[in-house]
Amino acid sequence: MLHLLLESTFENKEYLKLHKSTLRKVDIIDSIIDRTDKNELKVISKSKHIYGLTIPGIFEIVKNNWILIIIWSVIIYIVGAATEPIIQGIFGTAS
């Protein structure tokens with residue numbers, strides 16, 4: 001439909017309308033890129049859909065949320081403390 005409208009506009013030599021249409025599209029794309037660059041682009045989507053449920057995606061989700069950073073740090077500390085005796089036993093560094 002849009003193709004036919006543009007073709008008709010071109011055939012009728014309405015170049016000003018074509019030019020304004022192109023400028024508007026460029027303005028919209030510029031606005032999207034500018035807002036994305038400034039982290040001001042608002043989308044209705046969950047983090048898991050944006051980043052995905054992959055290892056790098058989970059790291060991005062955690063990195064962007066300070067509460068998750070604290071929870072992640074506590075979990076890593078507990079896992080490290082729990083596995084320390086096992087690792088020392090395997091490598092013979094236990095005192």
Side-chain angles (χ1 to χ4, degrees):
M1 181 75 172
L2 180 63
H3 174 68
L4 295 175
L5 179 64
L6 290 175
E7 189 175 303
S8 165
T9 307
F10 184 77
E11 288 174 358
N12 293 336
K13 298 182 181 182
E14 297 177 37
Y15 301 121
L16 185 59
K17 284 185 180 180
L18 288 170
H19 182 67
K20 286 181 179 181
S21 173
T22 303
L23 288 178
R24 183 66 186 141
K25 290 175 181 118
V26 169
D27 184 48
I28 290 170
I29 292 170
D30 178 61
S31 175
I32 291 170
I33 292 171
D34 186 49
R35 289 179 183 185
T36 302
D37 187 45
K38 293 178 181 176
N39 287 328
E40 295 174 351
L41 185 65
K42 302 295 181 195
V43 292
I44 301 173
S45 184
K46 295 183 179 182
S47 293
K48 70 177 184 178
H49 292 128
I50 294 172
Y51 299 111
L53 290 178
T54 62
I55 299 296
I58 292 170
F59 283 142
E60 281 296 318
I61 292 170
V62 170
K63 186 174 78 172
N64 293 327
N65 188 327
W66 66 272
I67 294 173
L68 292 177
I69 290 174
I70 292 172
I71 293 170
W72 184 258
S73 299
V74 169
I75 290 171
I76 294 298
Y77 177 78
I78 292 170
V79 168
T83 58
E84 182 180 12
I86 298 168
I87 293 172
Q88 286 180 347
I90 292 172
F91 293 106
T93 58
S95 49

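Along the sequence shown, the residues carry numbers beginning at 1. Because only heavy atoms are used, hydrogens play no part in the values below, and waters and symmetry mates are left out as well, while side chains stay in.
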Test item: Tyr15 and Leu18 side chains (from C-beta on) under 4.5 Å apart, heavy atoms: yes
With rounding to the nearest 0.5 angstrom, report the CD to CD1 distance, Glu84 to Ile86. 10.5 Å
Residues 61-73, side-chain donor-acceptor partners within the protein, below 3.5 Å, at least two apart:
{"from": "Lys63", "atom 1": "NZ", "to": "Glu60", "atom 2": "OE2", "distance (Å)": "3.0"}
{"from": "Asn64", "atom 1": "ND2", "to": "Tyr51", "atom 2": "OH", "distance (Å)": "2.9"}
{"from": "Asn64", "atom 1": "ND2", "to": "Glu60", "atom 2": "O", "distance (Å)": "3.0"}
{"from": "Asn65", "atom 1": "OD1", "to": "Ile67", "atom 2": "N", "distance (Å)": "3.1"}
{"from": "Ser73", "atom 1": "OG", "to": "Ile69", "atom 2": "O", "distance (Å)": "2.8"}

Lys17 and Ser21: side-chain donor and acceptor closer than 3.5 Å? no
Does the Ser31 side chain pair with the main chain of Asp27, one donor and one acceptor, at a distance under 3.5 Å? no
Among the clusters formed by ILVMFWY side chains lying less than 4.5 Å apart, do Leu53 and Phe59 turn up in the same one? no
Would Ile55 end up clustered with Ile76 when hydrophobic side chains under 4.5 Å apart are linked, directly or stepwise? yes
Using salt bridge (Lys or Arg N to Asp or Glu O under 4.0 Å) as the criterion, list what pairs up with Asp30, not counting sequence neighbours. none
Interatomic distance, CD1@Ile90 vs OG1@Thr83, rounded to 0.5 Å, equals 9.5 Å
